[in-house]
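All heavy atoms count here, side chains included; hydrogens, waters and symmetry mates do not. Order of listing sets the numbers, starting from 1, for every ligand and every atom in it. Since this is a predicted model, take the numbers as computed values, not measurements.
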Amino acid sequence: MASVLLVVFVNGKICKDPNIISADDFFFPGLNMPGNTSNAQGSRVTPVNVNQLPGLNTLGISLVRIDYAPYGLNPPHTLPRATEVLVVVEGTLFVGFTLYPGDVFVFPEGLIHFQFNVGKTNAFVFAGLSSQNPGVITIANAVFGSDPPISLDVLTKAFQVDANVNIYLQAQFK
Ligand SMILES: *[C@@H]1O[C@H](CO)[C@@H](O)[C@H](O)[C@H]1NC(C)=O
């Protein structure tokens, strides 16, 4: 007799049984603490989305704190599912315009954007995101670090630079 295999795919998080939800599902502490910026980019994103705060599920909203060492960069990236509204708390950031404490900037959903600390001190921001699960695609990693790699013929024609330049760039994202 033939058996039927039922497989359900959920595009997002499944809802918890209401009987096992607790107040902790709606609580996340510690966003007053700076993220560790000791890395090649000199920046750290601390996310508070549905993965850290289950109570955000289905609500269409989340938050990040981003810390930047002096000259630290949050490299060009796009959020496939969220608009980002950012407020500078400390420091001076270049995002295409220069932002100072208290300045608010909005990056519309899907737009490639970055933040670069052009000040001599640490900087940090909070940013609201219009999705409980915004996603992130970092441009350099996606283009030069993909596995399997994008062929040199494609990169060479797309970027109009010598194949060796692309080989070099791919090596940075291995
Ligand atoms: C920050 O990250 C670096 C590199 O991973 C690590 O060596 C260091 O211990 C971390 N610092 C703290 C305070 O966690």
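- Counted by atom type alone, Gln115 and Asn74 present one or more donor-acceptor pairs between their side chains at under 3.5 Å.
- Other residues, nucleotides and ligands place no more than 12 heavy atoms under 6.0 Å from the CD1 atom of Ile61.
- No chain of hydrophobic side-chain contacts below 4.5 Å, direct or via other Ile, Leu, Val, Met, Phe, Trp or Tyr residues, connects Tyr68 to Val89.
- Aromatic ring pairs are classed by plane angle as parallel below 30°, tilted from 30° to 60° and perpendicular above 60°; the pair Phe144 and Phe173 is parallel.
- Under the 3.5 Å distance criterion, with hydrogens and angles disregarded, no donor-acceptor pair is assigned to the side chains of Asn57 and Lys16.
- In the displayed structure, Ile14 atom CD1 is contacted under 6.0 Å by at most 12 heavy atoms of other residues, nucleotides or ligands.
- Closer than 4.0 angstrom to ligand 1 sit non-hydrogen atoms from Asn36, Ser38.
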